[in-house]
2 protein chains.
Amino acid sequence: MDRKPLVLVVEDEKDIARFIELELAAEGYQTEVAFDGVTGLSKFREVNPDLLILDLMLPVLDGLEVARRVRKTSNTPIIILTAKDSISDKVEGLDAGADDYLIKPFSIEELLARVRAHLRRVNPAVTGEVRVADLVMNLDGREVFRGGRRVELSAKEFELLELLARNPGKVFSRFEIEEKVWPEYTGGSNVVDVYIGYLRRKLEESGERRLIHTVRGVGYVLREE
Amino acid sequence: MDRKPLVLVVEDEKDIARFIELELAAEGYQTEVAFDGVTGLSKFREVNPDLLILDLMLPVLDGLEVARRVRKTSNTPIIILTAKDSISDKVEGLDAGADDYLIKPFSIEELLARVRAHLRRVNPAVTGEVRVADLVMNLDGREVFRGGRRVELSAKEFELLELLARNPGKVFSRFEIEEKVWPEYTGGSNVVDVYIGYLRRKLEESGERRLIHTVRGVGYVLREE
DNA sequence: GTGTTTCCTGAAGCACTTGTGAAGTTCTGC
DNA sequence: GCAGAACTTCACAAGTGCTTCAGGAAACAC
C-alpha cells in the first residue's frame, strides 16, 4: 500500500503515451503502457494499477468498452484522455464509469494535478493521510481528528485505529487484529476488546455517531453508518 | 447513504446558484446553497453534505481557502466551478484538495455527469459481494441488504444465508446444510428449520416476496421467483 | 527518584445467541 | 375428509461473547 503508485496508460499514439509515461515517472510513479484496448484490459488485470489513464479512440477495443469492463470488477480511478470533446461524449464517458474526462490537447500540469487528486483518494501513501467519514488520520504526524476535534491517542491505540481505518467497511476478527497489532503476543487475553473500548471512549464522545461497530461472533469494523 | 444524496452549492452569483440547485433537484438530489465563503463553510459543517460544488471567487472567504479548510476534516468530494481558467489556477485548486475543476461557462449536463461520477465513488462498491434478486450480501463487511433495507443477522444466520446465496437455485437438504453450517453437531434436532425461520422473519417482512423456498421432502432453496 | 501515562490481565455483569423439545400448522395421498 | 408426515413456530434454559472496571507492571517524562 505504501509503495509507489502504479499508473497504467492506455493510448495508441505512441508519442503521447511516451510523453505521459516520462512525466509520470518524473513525479515518482511507476508506469505501464498499452497501445490498444485488448492489451490495455489484460494488462490492467495483470498489474492491477492504482490509476488508469485511458484514450477513447483505441484499436481493437474501444476505450469506453474498456472503461465499462474495468468497472465491472474494479474500483480503480479512470481518467479519460481524448480528442472527442463534445458534451455527450463526456457524459457518456463519465457514465461508463470514468472518474474524470480530459480533452486533448491537454496541459501536462493539469493532468498531473488530476492524477494527484484521484490518487489522494485511493492511496494514503500520496498524502500520508487516511480519511473515513469525519475521521482524519495523519500518518506521518501521528495526529487524529474527528470532525475537526483533535484526538490524542497512545501508540497502540493509533496502530489499531490505523488498521481499521485503512480498511473501512472490512470486518476484522480479533485474531486478525491481534496478529497485526500485537504480533509479539500469544493471545489468550482480551487486549483487543479493551483497546477498542479505549478508542470508542476517545472517538465517540457523547452525541457523536458510532464509528467502530461490533460484529458479534466475528469482530470489529470501522464504518460510517 | 440510502437517502437522497445531499449537495451543497457555494456560489455568489445567485442566478447560477439557483440554476444549479434546480437542476440538481430535478436529478433527485437534496440541495443546500450558500452565497459566500464563511456561510458556505459553516453550512458545510452543519449539514455534512455528500458533495460540495464550490465557486472560487467568493465574498468574505476565498473558495480555495474553503476547499482547504473542508479538506482538513472531511473527505467529501469537492467540484470547483469557476471562471478562472488558467492552468495554474486548476493545479492550485486540485492541489488544495478539490477533486474536480470545471470552467464557466459550463454545460449543466457535464456538471451533472461529474456529480454522478464523484458520488458513485464515495459509495464504495464492495468487492466480496453476493447478489440474488434484491438481496445483497457484503461478505467482507458482513452486511446484508434486502431491497436497500439493512438487515441485522446473527453469526449463524449469516453463515446459513451465505451458503444459500452463494448457490442460488440449488436445493440443499437439511443434512447438507447441517454439515456445512453446524459441522460440530451430530444432528437429531431441527436447528436448520428453526434458523430458516429466523431468516425468513428478517428477510421477508410483510409484503416482500419470498426468497427462501421449502422443497417439501428435500430441503430448502434460495431463489428469485 | 517520583509521578504520570501506557499497556495488559483477569473477573464480573449483562445481553444476546443458540439449540432443544414440544405444540401448532400445513400439506399430501388415499 | 382424514390420518400421518412434513414443516413451522414457540418458549425457554444454557451458554457464549462483549463491555467495563480495577489493578499491577512497565515505560516514560521530569
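What you see is a predicted model; the values in this text were computed from it and never measured. A, B, ... follow the sequence lines: proteins, then strands. Residue 1 opens every chain.
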Q) Within the pair Ser189(B) and dG19(C), is there a side-chain N or O less than 4.0 Å away from OP1 or OP2? A) no
Q) Using a cut-off of 4.0 Å between protein heavy atoms and nucleotide atoms, how would you tag nucleotides 12-30 of chain D 5' to 3' with B, S and -? A) -----BSBBB---------
Q) Whole-Å distance between dC8(C) P and Ile177(A) CD1? A) 14 Å
Q.
Go through it in stages, so that I can follow the logic: the residues are Val9(B) and Glu21(B), the test is side chain to side chain contact (heavy atoms under 4.5 Å, CB included), and I'd like the CA-CA distance, side-chain angles, deciding distance and then a yes or no.
A. CA-CA 7 Å; Val9(B) 181; Glu21(B) 192 186 4; 5.5 Å; no
Q) Looking at residues at least two apart in the chain, or sitting in another chain, which of them share a side-chain contact (heavy atoms from CB on, under 4.5 Å) with Ser88(B)? A) Ser86(B)
Q. Any Lys/Arg nitrogen of Glu208(A) or Arg149(A) sitting under 4.0 Å from an Asp/Glu carboxylate oxygen of the other?
A. yes
(Q) Let me test you: for the helix from dG1(C)-dC30(D) to dC30(C)-dG1(D), what is the angle between the axes at its two ends (five pairs each), rounded to 10 degrees? (A) 40°
Q) With the threshold set at 4.0 Å, does a side-chain nitrogen-carboxylate oxygen contact exist between Glu162(A) and Arg166(A)? A) yes
Q: Could you state the atom-to-atom distance from CD of Glu204(B) to C1' of dT8(D) in whole Å?
A: 13 Å
Q. Are the charged groups of Asp100(A) and Lys90(A) less than 4.0 angstrom apart, N to O?
A. no
Q) Does a side-chain N-to-carboxylate-O contact under 4.0 Å join Glu152(B) and Lys202(B)? A) no
Q: Could you list the residues that satisfy side-chain contact (heavy atoms from CB on, under 4.5 Å) with Phe145(A), not counting sequence neighbours?
A: Val136(A), Glu143(A), Arg150(A)
Q: Walk me through it: do Thr76(B) and Arg131(A) pass the test side-chain hydrogen bond (donor to acceptor under 3.5 Å, both in side chains)?
A: CA-CA 10 Å; Thr76(B) 301; Arg131(A) 296 160 176 276; over 6 Å; no
Q. Is Lys170(B) salt-bridged to Glu176(B), cutoff N-O under 4.0 Å?
A. yes
(Q) Give me each pair satisfying ring pair (Phe, Tyr, Trp, His ring centres under 6.0 Å) with a member in residues 196-225 of chain B, each pair once, sequence neighbours excluded. (A) Tyr195(B)-Tyr198(B)
Q | Interface with DNA chain C, restricted to residues 149-163 of chain A and to heavy atoms under 4.0 Å | A | Ser154(A), Ala155(A), Lys156(A)
Q | Atom-pair distance (CD1 on Ile212(B); C1' on dC7(D)), nearest Å | A | 14 Å
